[in-house]
Every structure is written in structure tokens, then in C-alpha cells.
Amino acid sequence: MLQNCFANFVQLFRGLRHNYDRPFASYLSIERAKNRTWKNGLVRHKGEFQVGAMGISQGRKIQAKLHEDVITRSQFVHGWDKQIANGGRLVIQANHKFDFLLHSNTNRYATIFKKNSYLVEDPKKYNGRNFIGEFDLKVGTIMTSAGMGVRFSTLDLLKQSNNQMIFSKPGTKDELGWKVDVGFNYRYVVHNSLLEGIGLFNTFKEDPYDKIALDNYLLGKSEIDRNVFSLDFGFNLKWRKTTVFYRNTFHTLEYKSKLSKVDFQNQNLISTIDSNDLDFYNNNVIKEQQSFLNNKFFGKQIYGYGTIGISWVID
């Protein structure tokens, strides 16, 4: 079993969402995560436990700073006071993910689709052919769901981590390394608190004695798309004990959008827009909303986001 210490710092997150959509919700949590890889490299597990709060003001402050200092062309975002659990509600979440090596030309042990064990005489360092099955389970007040998928990677499970880290072979001067992978996943969502309101398997009933304002703009059960499909791909580059990575993810919309029924020229709608944002609305937002509506895959609305990050080993 491999045991390593990693530090993972996400440097940039950019979501390709239509700009006038309010945030459904935000949360801030402390996480305890543990990664385990079986010594033969056929199975890998990641367990996470999170405790925090949803609906607090930190999300608003972080976004405001990004708009002020990084994405300076963005307009002010309205609607944070209408987010689900506004004022703060408890978050408790447990996540588990299992990866199973289905086939590999770099791992010498037998797999599901490679029955015979054999010795890899001249193993490929970074351009292997590995197919990995994935299964994940999430239970908690952020999301309760189950999913599965398949992934192709140029590295087997013994040469990479769940933190996007690439391992060097002990005792070698293998300073430069890389990885390319692509995965397709399906997830069934039992409950999504960021859309339906705080809950576990169902939304919790409102406490009549609670002084926190009632949730606004909750989506009903019939408005949630329980079947979510995703495609992600990425490239990792290692130098010594540091790995820099880029990932891009596309997935279907988690709810049944009513955007196509919106009349963007409706005067009642326009009257709700801040006067400082009118030019931006007319020149940019309408075009972006219409472009977003055309992003479909097999009739399902899709959107995507990219992540750039860095991981390193602490000896």
C-alpha cells in the first residue's frame, strides 16, 4: 500500500456558465481525505469526510475579489442573498471512490481483461495503455449520488495518485514525466442540496422556529435531472517531485433548464437589471445565453469548466 503526503493547490478555476445566472448555493468545508492503493496496483480507493457550512458569505467575498483583481471585465453578481441556505447551514459529507485496473500493458499482474500474469520486460514509462473502471458513492448534505465510468490513462495506478501526482521510480533520476487521460462517467443523483435545498435523501423540512430566512428559488423534484453524464480529459507534467496539471470537464446540466422560454427583451425582465449593467446585458449577456442554449449533446444541455493546479510530495 502506498502512503504519501501531498499538497494540492488549485490555482485557477474558470466556469463556462451564462453570466446572469445567480449562484444556486456555495459551501465552505474542512476535509479529511485518505488515499489507498493496493500493493499490486489493481485497486485504488479515496475516502473523504467533509464538515463545514453552506450558504455563508465567504463565497460572495471570494468571487468579489476575483472580479476586482483577476476577471476585471465581469459585472457585479447579484443574487448571493438568495442562495440556498443563505445565512449558513451545517454541511456533513462522506465520499468514496474506487478505481479498478481493467487492462494494462505496464502492470505485470493479472487483471479482469488480462488473465495471465507476465513480467513486463521493457515497461513503458509514460506511454502505456491502461483502462480503469471507476465507481463512486457520495452521501451527505451536499450531494447523495452513485456513479460509475471508465477511463483511459497512459499510467497505471501504481504510477499516479488521486491528487494528480505522478510518481518517480524509487532510486532513479527520472526527473521528467507526463500523463494523458480521458474518462467518461455516469452518475445518478438521489439528492442535490445545492439545487433542492439542504437534505440527505430528501430535502429537510423547514424548522418553524428557525430564525434563518427560508430558502429561495428551490427547484422541485420534477425539475432535477437525476441522470448526469460527464466527459473529462487532462494532461499532467512532472518535474522531480512537483506535478502541474490541466483538466477540462464537460457534463450535462443537472436540472431541466427553462432558459429557452425566456424573452430576453421583455421589459419586466430588463427593469430588474441594474442600470450599470444594461450595456453589458444588451451587448454580451443575450448573445452568451443564446450560445449556451446551443451547447447540446444528444439533446441534453451541456457546460464545462477547466482547472489548472499543482501537486507536490512532502518528504
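If you read the sequence from its start, that first residue is 1, and numbering goes on from there. Note that the structure is predicted; figures quoted are calculated from it, not measured.
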Charged N-O contact under 4.0 Å between Asp156 and Arg44 | no

Looking only at heavy atoms, the pair that brings Phe264 and Tyr281 closest together is O-OH, 2.6 Å

Leu137 backbone acceptor or donor facing Lys97 side chain under 3.5 Å: no

So CD of Glu254 and CG of Leu195: to nearest 0.5 Å the spacing works out to 6.5 Å

Could you check whether any side-chain heavy atom of Phe131 comes within less than 4.5 Å of a side-chain heavy atom of His103, counting everything from C-beta outward?
yes

Value for OG (Ser193) from CG (Leu218), rounded to nearest 0.5 Å, stands at 10.0 Å

Check whether any side-chain heavy atom of Val91 lies under 4.5 Å from a side-chain heavy atom of Val51, and answer yes or no. no

For Lys138, the side-chain contact (heavy atoms from CB on, under 4.5 Å) test, sequence neighbours excluded, returns Gln93, Asn95, Asp136, Met143, Ser145, Arg187

Taking every heavy atom of Asp99 against every heavy atom of Asn162, the minimum-distance pair comes out as OD2-OD1, 3.8 Å

Under 4.5 Å between any side-chain heavy atoms of Leu253 and Ile302, yes or no? no

Rounded to the nearest 0.5 angstrom, the CD-OG distance for Gln50 and Ser29 is 4.0 Å

- Below 4.0 angstrom, N of the basic side chain to O of the carboxylate: do Arg226 and Glu196 qualify? yes

**Prompt:** Do the side chains of Lys238 and Thr242 get nearer than 4.5 Å, heavy atoms only?
**Reply:** no

Task: Any side-chain donor near an acceptor of the partner, Tyr246 and Asn248, under 3.5 Å - done: yes

Tightest non-hydrogen contact, residues Ile286 and Gln265, listed as CD1-NE2, 3.5 Å

Are the ring centres of His45 and Phe98 closer than 6.0 Å?
yes

Step by step, work out the side chain to side chain contact (heavy atoms under 4.5 Å, CB included) result for Phe24 and Leu219. CA-CA 10 Å; Phe24 283 105; Leu219 298 183; 4.1 Å; yes

Notebook entry, point to check: Is there a side-chain contact between Asn268 and Ile270 (heavy atoms, below 4.5 Å)?
Noted result: no

Next item on the list: Please check if atom NZ in Lys221 has more than 12 non-hydrogen atoms from other residues, nucleotides or ligands closer than 6.0 Å.
Entry: yes

Decide, yes or no, whether a salt bridge links Asp181 with Arg151 under the criterion of side-chain N to carboxylate O below 4.0 Å. yes

- Query: Would a distance-only check, ignoring hydrogens and angles, find a side-chain to backbone donor-acceptor pair under 3.5 Å from Ser230 to His251?
  - Reply: no

Checking the side chain of Thr154 only, and the main-chain atoms of Val180 only, is there a donor and an acceptor separated by less than 3.5 Å?
yes

Heavy-atom closest pair (Thr252 atom, Tyr303 atom, distance to 0.1 Å) is O-CE2, 4.5 Å

Quick check against the 3.5 Å criterion: does Asn105 have a side-chain atom that pairs as donor or acceptor with the backbone of Arg129? yes

Separation between CG (Asp225) and CD (Gln301), nearest 0.5 Å, reads 11.0 Å

Those residues at least two apart in sequence (or on a different chain) that pass side-chain contact (heavy atoms from CB on, under 4.5 Å) with Asn40 are Trp38, Leu42, Tyr109

- Starting from the C-alpha separation in whole Å, work towards a yes-or-no answer on side chain to side chain contact (heavy atoms under 4.5 Å, CB included) for Lys46 and Lys34. CA-CA 6 Å; Lys46 181 176 184 178; Lys34 191 167 186 178; over 6 Å; no

Looking only at heavy atoms, the pair that brings Gln160 and Phe167 closest together is O-CE1, 3.4 Å

| Among the clusters formed by ILVMFWY side chains lying less than 4.5 Å apart, do Ile198 and Leu90 turn up in the same one? | no

Interatomic distance, CZ@Phe100 vs CG@Leu157, rounded to 0.5 Å, equals 10.5 Å

When every non-hydrogen atom of Gly177 is compared with those of Tyr126, the smallest separation belongs to CA-CZ, 3.4 Å

Legend entry - Residues Arg240 and Glu175 bridged, charged N to O under 4.0 Å: yes

With no hydrogens and no angle check, do the side chains of Ser153 and Asn130 hold a donor and an acceptor under 3.5 Å apart? no

Is there side-chain contact between Ile84 and Leu194, with heavy atoms separated by less than 4.5 Å? no

Contact between Asn236 and Trp178 at the side-chain level, heavy atoms closer than 4.5 Å - yes or no? no

Exercise for review: State, yes or no, whether a side-chain contact exists between His191 and Thr203 at a heavy-atom distance under 4.5 Å.
Suggested key: yes

Consider only side-chain heavy atoms of I, L, V, M, F, W and Y, link residues closer than 4.5 Å, and tell whether Trp239 and Leu155 are in one cluster. yes

**Asked** Can you list the steps and then say if Phe204 with Thr141 is a side chain to side chain contact (heavy atoms under 4.5 Å, CB included)?
**Response** CA-CA 10 Å; Phe204 298 150; Thr141 55; 4.2 Å; yes

d(Asn107 CG, Leu101 CG) to nearest 0.5 Å is 5.5 Å

State, without any angle test, whether Tyr188 and Asn227 hold a side-chain donor-acceptor pair at a distance under 3.5 Å. no

Q. Using the benzene-type ring in the case of Trp, are the ring centres of Phe250 and Tyr305 under 6.0 Å apart?
A. no

Check: Can you tell me if Thr37 uses its side chain to pair, donor with acceptor, with the backbone of Gly41 under 3.5 Å?
Finding: no

Original post:
Yes or no on side chain to side chain contact (heavy atoms under 4.5 Å, CB included) for Met54 and Ser26, after CA distance, side-chain angles and deciding distance?
Top reply: CA-CA 6 Å; Met54 181 179 294; Ser26 66; over 6 Å; no

Margin query: Is there a path of hydrophobic side-chain contacts, each under 4.5 Å between heavy atoms, that joins Leu200 and Phe49?
Written below: no

(message) Same cluster or not: Phe201 versus Ile142, using hydrophobic residues (I, L, V, M, F, W, Y) connected whenever any side-chain heavy atoms lie under 4.5 Å apart?
(response) yes

